[in-house]
**Q** 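What follows is a structure written as structure tokens; I'll ask about it next.
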Amino acid sequence: MILAFDTSCDDTSVALYKDDKIYSNVVSSQNDVHAKFGGVIPELAARKHAEVIAYLTDEALDRVGSDLKDVNHVAVTVGPGLLPSLLVGLSFAKALAYANNLPIIPINHIEGHIFAPFFNKYIEYPFLSLVVSGGHTHLFYVKNFGNYELVGKTLDDAVGEAFDKVARVLGLEYPGGPVIDKLSKNGNPYQFRIPKGLENDKSFNFSFSGVKTHVKNLVKKLDGLSKTQIMDIAASFQKASIDVLIEKTVRAAKELNVKIVSVSGGVSANSYLREAFKKASEKHAFTLVLPEKEMTTDNALMIAFTASLDVNRATWEYAKIEANPSLRLF
Ligand code: KG4
Ligand code: ZN
């Protein structure tokens, strides 16, 4: 049984994983703490993690009727993320592991996202993995467990960050992704022409920084927005950003001759993305693997599950495990 922690950003999460039947995943969201600032404040995030992590650990154990004696490994996210946040989870994991004489499996948060869609599913290699979250927009060619090649990435903002920034410009709440998703359902995606960053570029890289500026200028020009205009801008922005992700991923799958494509990270919760990717998978004949909704945004179950794929990574040399805010996977 693996007990896992993820405190990489603004959600505190503790999970237990034994097999496809025995697991728990407890997440405490900090959205209300950061909403009034329109983004995550690292110091506040760390304080909140420290406040709740012990309670969440009890809850994760209680949910499967286990206690610490049943745990064989501790897994913890060591990066990338916000340093003050990462340190809370890592310090807690080390203390708990030391007190209970357990080895620790350090996990890269992005690797957790890559495997989240495969939770309790058969993993077939190679596959193409699109990780889309508030901090990342990465396209990986996954040859095997631990063998990742970066195919493309954003050259500036992450796509989730673009959702959050555009929402702010439209006067909507934080985080912007879920609210833009909801409003877009009643908006006309063809009403406004929103540019697709690096659309005609031959690489598999992305760019989302121009979109925010475009929407900002559009809002200024319109000088006061009606509810309909907000919904139309949301839908037009959502379609432009998601379509370019899909077009490039499909082109990469064809060029690399990969038949399995997975999508993960907070933005993979987006309903338009899920629907449009399903259509693309039928049209272009590839297998699409999407995570359960609760495994899209940050959670510790994806960390526990990823740790379970190679427990030989476990170590008792706690002093060598360090938090690294810019930890790379490739
Ligand atoms: O994976 P995640 O929880 O945290 C990071 O590692 O960044 O992703 C959070 C991001 C936020 O930018 C949020 O706006 C976005 O995921 N998000 C969505 C949706 N739900 C969350 N974006 C679009 N549509 C959604 N339904
Ligand atoms: Zn994440």
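Below, all heavy atoms of this structure are taken into account, side chains as well, without hydrogens, waters or symmetry copies. Order of listing sets the numbers, starting from 1, for every ligand and every atom in it. Since we're looking at a predicted model, the values are computed, not measured. By convention here, the first residue in the shown sequence is residue 1.
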**Q** Record the part of His113 in heavy-atom contact with ligand 1 below 4.0 Å; permitted values are side chain, backbone, both and neither.
**A** side chain
**Q** Under 2.8 Å from the Zn ion (ligand 2), which protein N, O or S atoms do you find? Ignore water molecules.
**A** His109 NE2, His113 NE2, Asp298 OD1
**Q** Answer yes if the side chains of Ser13 and Asp11 hold a donor-acceptor pair under 3.5 Å, and no otherwise.
**A** no
**Q** Examine the proximity of ligand 1 to Asp164 and report which part, side chain or backbone, both or neither, has a heavy atom under 4.0 Å away.
**A** side chain
**Q** Any donor and acceptor pair, going by atom type alone, linking the side chain of Asn205 with main-chain N or O of Thr154 inside 3.5 Å?
**A** no
**Q** Under 3.5 Å, is there a donor on one side chain and an acceptor on the other for Asp156 and Ser207?
**A** yes
**Q** Return the closest protein heavy atom for atom 18 (C) of ligand 1 as residue, atom name and distance.
**A** Gly177 CA, 3.4 Å
**Q** Do the ring centers of Tyr23 and Phe305 come within less than 6.0 Å of each other?
**A** no
**Q** Closer than 4.0 Å to some heavy atom of Gly135 - which atoms of ligand 1 meet that?
**A** 7 (O)
**Q** So, Thr12 and His49: side-chain donor and acceptor under 3.5 Å apart, yes or no?
**A** yes
**Q** Identify whether the distance between the nearest side-chain nitrogen and carboxylate oxygen of Lys278 and Glu282 falls below 4.0 Å.
**A** no
**Q** Does either side chain, that of Ser66 or that of Lys18, offer a donor lying less than 3.5 Å from an acceptor on the other one?
**A** no
**Q** Donor-acceptor pair, distance only, cut-off 3.5 Å: does the side chain of Lys48 make one with the backbone of Ser29?
**A** no
**Q** By number and element, which atoms of ligand 1 are closer than 4.0 Å to a non-hydrogen atom of Gly160?
**A** 12 (O)
**Q** Decide whether the shortest distance between a heavy atom of Cys9 and an atom of ligand 1 is less than 4.0 Å.
**A** no
**Q** Pick, from Ser184, Pro175, Gly266, Ala167, the option with the minimum heavy-atom distance to atom 17 (N) of ligand 1.
**A** Gly266
**Q** Does this structure show an ion pair linking Lys165 with Asp157, if we count only N-O contacts that are shorter than 4.0 Å?
**A** yes
**Q** Check the side chains of Lys202 and Asn200 for a donor-acceptor pair under 3.5 angstrom, ignoring hydrogens and angles.
**A** no
**Q** Which residue and atom name correspond to the protein heavy atom nearest atom 24 (N) of ligand 1, and how close is it?
**A** Asn270 ND2, 3.0 Å
**Q** Please report whether the ring centroid of Phe163 lies less than 6.0 Å from that of Phe237.
**A** yes
**Q** Just need the protein heavy atom nearest to atom 9 (C) of ligand 1, so name the residue and atom and give the distance.
**A** Gly134 N, 3.7 Å
**Q** Within the structure, is a non-hydrogen atom of His109 found at a distance of less than 4.0 Å from ligand 1?
**A** yes
**Q** Between Met302 and Val132, is there shared hydrophobic-cluster membership here, with clusters defined by ILVMFWY side-chain heavy atoms closer than 4.5 Å?
**A** no
**Q** Can you tell me which residue and heavy atom of the protein come closest to atom 3 (O) of ligand 1, and the distance to 0.1 Å?
**A** Asp298 N, 3.0 Å
**Q** In the protein, what heavy atom is nearest to atom 26 (N) of ligand 1, and what distance, to one decimal place, separates them?
**A** Asp181 OD2, 2.9 Å
